[in-house]
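As a basis for the values below, the full set of heavy atoms in this structure was taken, side chains included, without hydrogen atoms, waters or symmetry mates. Not measured: the values here are computed from a predicted model. Starting from 1, each residue takes its place in the sequence as its number.
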Amino acid sequence: MAKAYYAEVKQVAYFLRGLFIIGGLGIYFSIPGLHWGFFLGILFGSVILGEIFGGTWTRKRRREKMERKSAGTVGGVRRVSTTKAKSSAHNISAKTPMKKLSDAQILKANVRTLSGTDFERLMELYYIDQGYTVQRVGGSGDHEVDLILKGKEGYKIAVQCKRWKQDVGNDIVLRLKAGKQVHGCYDAWIVTTSNFTKAAKEGCR
């Protein structure tokens with residue numbers, strides 16, 4: 001992810017540098033009799049200004065992107081709020097029939113009435129809508145990893161979905177951290193409709 005960040009900075013810096021050089025040269029050649037030192041000053045100034053503005057713009061853009069994520073990272077596992085997912089599902093209070101639901105039905109259902117599998121599907125639809133490429137894992141030997149997200153930067157995130165009433169314990173957190181390593185993921189998130197036990201919170205530190 002650091003490489004992607006620096007590549008983005010360089011791209012923006014090159015673009016701004018080009019604009020400054022073109023603008024500076026336009027001013028230099030439009031005013032006859034200017035000393036050649038102004039020409040060198042334009043070149044060096046364009047390089048410096050391009051780097052400064054490019055880095056500033058990129059940092060601001062990435063900071064805004066991180067602030068939009070409704071998650072707080074504790075240790076190696078990120079605890080993710082389901083508030084946005086509930087909003088996407090329109091929070092309709094109606095009983096979900098005990099049959100396989102379509103994507104449209106899942107999006108309209110009350111998140112607390114969904115089965116564990118349908119809750120995973122809801123999270124899959126949500127993260128696809130957020131621009132991630134999503135791989136379903138699940139099943140035996142999943143190491144507590146239900147979804148693997150891949151962002152535009154190329155890094156992978158392991159996600160465990162728990163539509164529980166009881167709090168998520170430290171055993172789930174530890175198994176997910178192991179699953180993150182098994183699947184070669186950069187980060188790990190737990191998405192739950194409940195909360196975390198004290199031991200789970202302390203175990204993440």
Side-chain angles (χ1 to χ4, degrees), residues 1-7 62-63 65-89 96 98 100-103 105-107 109-205:
M1 189 168 67
K3 290 183 179 179
Y5 171 74
Y6 288 116
R62 292 182 69 85
R63 184 166 57 249
K65 182 178 179 181
M66 293 301 295
E67 288 174 352
R68 287 197 297 267
K69 291 184 179 180
S70 58
T73 301
V74 183
V77 176
R78 181 172 294 176
R79 297 163 51 210
V80 182
S81 168
T82 58
T83 302
K84 289 187 178 180
K86 292 177 190 176
S87 177
S88 297
T96 305
M98 297 303 293
K100 185 173 181 178
L101 302 178
S102 67
D103 291 347
Q105 288 174 316
I106 288 177
L107 290 173
N110 184 344
V111 67
R112 294 189 180 276
T113 67
L114 295 174
S115 66
T117 300
D118 286 337
F119 183 62
E120 292 177 15
R121 289 175 59 199
L122 174 64
M123 292 298 99
E124 180 182 6
L125 294 171
Y126 170 71
Y127 284 118
I128 290 174
D129 184 64
Q130 295 301 302
Y132 290 96
T133 300
V134 182
Q135 175 189 346
R136 291 286 297 276
V137 185
S140 59
D142 64 358
H143 298 281
E144 293 296 338
V145 177
D146 294 320
L147 308 173
I148 294 179
L149 313 180
K150 189 172 183 180
K152 294 179 180 179
E153 295 86 353
Y155 60 88
K156 296 192 297 184
I157 302 167
V159 178
Q160 170 59 236
C161 306
K162 291 296 184 187
R163 194 205 62 74
W164 281 5
K165 292 183 179 179
Q166 71 269 28
D167 291 344
V168 177
N170 191 41
D171 56 329
I172 302 297
V173 174
L174 293 176
R175 288 203 293 270
L176 179 59
K177 291 175 89 170
K180 180 183 76 169
Q181 301 297 326
V182 170
H183 292 282
C185 295
Y186 171 81
D187 203 354
W189 301 346
I190 294 178
V191 183
T192 181
T193 53
S194 58
N195 209 324
F196 294 79
T197 64
K198 183 178 180 182
K201 294 176 182 178
E202 292 178 350
C204 292
R205 293 173 184 169

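The distance from atom CD of Q160 to atom CG of L176, rounded to the nearest 0.5 Å, is 6.5 Å. Rounded to the nearest 0.5 Å, atoms CG (L122) and SG (C161) are 8.5 Å apart. Taken from CG in D103 to CG in D118, the straight-line distance is 9.5 Å, to the nearest 0.5 Å. Residue T133 holds its OG1 atom at 10.0 Å from NZ of K152, rounded to the nearest 0.5 Å. Taking CD of Q130 as the start and CE of M123 as the end, the distance is 10.5 Å to the nearest 0.5 Å. Annotation: the span from Y186 atom OH to K150 atom NZ amounts to 16.0 Å, rounded to 0.5 Å.
Using modelled atom types, no side-chain atom of R121 and backbone atom of I106 make a donor-acceptor pair closer than 3.5 Å. In this structure a side-chain-to-backbone donor-acceptor pair under 3.5 Å is present from R112 to T193. Within the 3.5 Å criterion, the main-chain N or O of I172 finds no donor-acceptor partner in the side chain of E144.
Heavy atoms only, all atoms of each residue included: G169 and A200 are closest at C-CB, 3.6 Å. Residues A109 and L114 come closest through the heavy atom pair CB-CD2, 3.7 Å. Between K201 and F196 the shortest heavy-atom distance is CE-O, 3.4 Å.
S194 meets the side chain to side chain contact (heavy atoms under 4.5 Å, CB included) test with W164, D167, V168, T192; sequence neighbours excluded. Partners of V134 according to the side chain to side chain contact (heavy atoms under 4.5 Å, CB included) rule, which considers only residues two or more places apart in sequence or in another chain, are E124, Y127, I128, Y132, L147, L149. The salt bridge (charged side-chain N to carboxylate O under 4.0 Å, His left out) test applied to K156 returns no partner, not counting sequence neighbours.
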Stepwise side chain to side chain contact (heavy atoms under 4.5 Å, CB included) test for V145 and V159: CA-CA 6 Å; V145 177; V159 178; over 6 Å; no
Can Y155 and D187 be said to form a side chain to side chain contact (heavy atoms under 4.5 Å, CB included), step by step? CA-CA 8 Å; Y155 60 88; D187 203 354; 5.8 Å; no
